[in-house]
Amino acid sequence: MKQSLNQRRWRKFKANKRGYYSLLIFSMIFVISLGAELVSNDKPYFVYYQGKLYFPIIHTYPETTFGGDFATEADYRDPYILKKITGSGNFALFPPNPHSYASINLDLDEPFPSPPSSVNLLGTDDRGRDVLARLLYGFRLSILFGLTLTIIGTGLGILAGSIQGYLGGRTDLIFQRFIEIWGAMPELYLLIIFSSIFRPSVILLVILLSMFGWMGLSDYVRAEFLKSRNLDYVMAAKALGVGNLKIMFRHLLPNGMTPVITFLPFRMSGAVLALTSLDFLGLGVPPPTPSLGELLAQGKSNIDAWWLSLSTFVVLVGTLILLIFIGEALRETFDPRTR
């Protein structure tokens with residue numbers, strides 16, 4: 001039975017064991033991080049209290065619901081509330097890691113940052129927050145940021161490169177001069193200026209980095225369009241009266257997607273590194289947002305707290321290695337010279 005092109009490419013990708021298993025491992029970790037609230041949270045899944053079921057992980061309940069004295073939200077790690085919801089026939093089921101990224105462990109006998117223990121498996125940071133929880137939530141933020149930045153940058157790069165390559169001539173010349181001027185702008189200085197004017201946020205970082213992240217990919221798309229725009233099937237489509245947009249995005253773009261797909265994991269790893277670097281310099285997401293770069297900065301400030309730097313280093317380097325292996329497998333998959 002004759003296989004389609006996508007089926008042959010998938011078999012070729014699976015034949016690259018390093019890239020295939022890297023994709024499986026990365027996908028598994030990413031799916032777990034998407035449900036970080038179900039894995040690491042200081043609120044229980046449910047509480048069985050005096051014959052009624054409560055779901056604190058979904059709804060907010062005041063302390064008075066469980067026999068407390070205040071009408072504020074219940075602190076389920078407070079020994080008084082914990083005794084109420086687990087004693088006298090009551091029951092509470094907590095996540096595997098009963099800490100959120102912002103919860104502070106005030107019951108430790110050691111100063112912050114404290115080393116790994118049975119309570120905090122990877123220790124705490126300099127504010128008493130659980131490192132494992134911050135790594136899990138920070139990994140999710142980094143990957144989602146990288147995906148968003150990659151999608152926006154790829155879309156802008158494809159649009160700019162396709163217009164340049166297909167139209168050519170004066171349009172291509174003007175675009176190239178614009179890219180040269182735009183690429184010469186000091187990106188880091190602009191980030192410093194905007195971070196001092198506006199409140200730092202993930203959305204602001206995505207906008208600023210997307211303004212510069214499309215230029216590298218547009219060159220590859222432009223080259224593919226320049227190479228293919230005078231081929232016979234394109235000239236035949238023009239002769240039949242097919243519109244330019246249809247030729248660009250239905251005929252030329254699918255044949256020029258090889259460099260785009262090949263560079264996606266590498267662009268994503270670059271976006272993750274960019275966010276980590278900005279957070280390390282204090283120009284990234286605002287506190288108390290969990291961030292890998294912020295943990296690295298804490299490790300730099302607390303040299304004796306080896307668990308801060310080591311755990312973050314393992315997560316960051318492991319993520320980049322997996323993405324690079326996936327990118328190499330994709331490059332070999334779409335390379336017609338490899339078998």
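Heavy-atom basis, side chains included; hydrogens, waters and symmetry copies ignored. Nothing fancy with the numbering, it's 1 onward along the sequence.
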Do we see a donor-acceptor contact under 3.5 Å between the side chains of [X] and [Y]?
| X | Y | answer |
| --- | --- | --- |
| D130 | N97 | yes |
| Y76 | D42 | no |
| Q176 | E180 | no |

Do the rings of Y20 and F13 sit parallel, tilted or perpendicular, given the 30° and 60° boundaries?
perpendicular
Kindly assign one of parallel, tilted or perpendicular to the pair F66 and Y49, based on the angle between their ring planes and the thresholds 30° and 60°.
perpendicular
Check: [X] side chain, [Y] main-chain N or O, donor-acceptor pair, under 3.5 Å:
| X | Y | result |
| --- | --- | --- |
| S309 | W306 | no |
| S201 | L204 | yes |
| S27 | L23 | yes |
| K12 | E332 | yes |

Quick one: closest heavy-atom pair of [X] and [Y], and the distance?
| X | Y | result |
| --- | --- | --- |
| W182 | M211 | NE1-O, 2.7 Å |
| S142 | L292 | OG-CD1, 3.8 Å |
| F145 | A271 | CE2-O, 3.8 Å |
| L330 | P265 | CD1-CG, 3.6 Å |
| L38 | P95 | O-CB, 3.6 Å |
| L156 | S210 | CD1-O, 3.9 Å |

Within a strict 4.5 Å, meaning less than it, do heavy atoms of the [X] and [Y] side chains meet?
| X | Y | value |
| --- | --- | --- |
| L226 | R222 | yes |
| V47 | F91 | no |
| T154 | R267 | yes |
| V260 | I158 | yes |
| T312 | L135 | yes |
| T333 | T262 | no |
| I81 | E63 | yes |
| F263 | T150 | no |

Got a second to check how far [X]'s [atom1] is from [Y]'s [atom2], nearest 0.5 Å?
| X | Y | atom1 | atom2 | result |
| --- | --- | --- | --- | --- |
| Y233 | K238 | OH | NZ | 11.0 Å |
| E110 | S117 | CD | OG | 7.5 Å |
| I29 | I143 | CD1 | CD1 | 9.5 Å |
| H99 | L121 | NE2 | CG | 7.5 Å |
| N90 | K52 | CG | NZ | 12.5 Å |
| F266 | L264 | CZ | CG | 10.5 Å |

For E187, all residues meeting salt bridge (Lys or Arg N to Asp or Glu O under 4.0 Å), sequence neighbours excluded:
none
Given the side-chain rings of [X] and [Y], with only the six-membered ring counted for Trp, is the space between their centroids under 6.0 Å?
| X | Y | value |
| --- | --- | --- |
| Y101 | Y137 | yes |
| Y54 | Y61 | yes |
| Y45 | F94 | no |

Candidate list N105, N120, T124, D125, test side chain to side chain donor-acceptor pair (under 3.5 Å), partner S114, passing option:
T124
Pair L132-L136, side-chain contact (heavy atoms from CB on, under 4.5 Å): steps then yes or no:
CA-CA 6 Å; L132 177 58; L136 185 61; 5.6 Å; no
Identify whether the distance between the nearest side-chain nitrogen and carboxylate oxygen of [X] and [Y] falls below 4.0 Å.
| X | Y | answer |
| --- | --- | --- |
| E294 | R129 | yes |
| E224 | R229 | no |
| E37 | R140 | yes |

Heavy-atom neighbours of [X] [atom1] exceed 12 at 6.0 Å:
| X | atom1 | value |
| --- | --- | --- |
| R170 | CZ | no |
| I303 | CD1 | yes |
| K83 | NZ | no |
| F313 | CZ | no |

Taking only residues two or more places apart in sequence, or in another chain, which ones meet F280 in a ring pair (Phe, Tyr, Trp, His ring centres under 6.0 Å)?
none
Step by step, would you call S218 with I179 a side-chain contact (heavy atoms from CB on, under 4.5 Å)?
CA-CA 10 Å; S218 66; I179 290 176; 4.0 Å; yes
Same cluster for [X] and [Y] if Ile/Leu/Val/Met/Phe/Trp/Tyr side chains link at under 4.5 Å?
| X | Y | answer |
| --- | --- | --- |
| Y220 | F249 | no |
| I181 | L208 | no |
| L159 | I247 | yes |
| I326 | I321 | no |
| L149 | L190 | yes |

Test side-chain contact (heavy atoms from CB on, under 4.5 Å) on F112 and R127 and set out the steps.
CA-CA 6 Å; F112 304 145; R127 294 172 179 80; 5.7 Å; no
Check step by step if side-chain contact (heavy atoms from CB on, under 4.5 Å) holds for D126 and L308.
CA-CA 9 Å; D126 58 2; L308 292 174; 5.8 Å; no
F325 six-ring face occupied by R18 cation (under 6.0 Å, within 45°):
yes
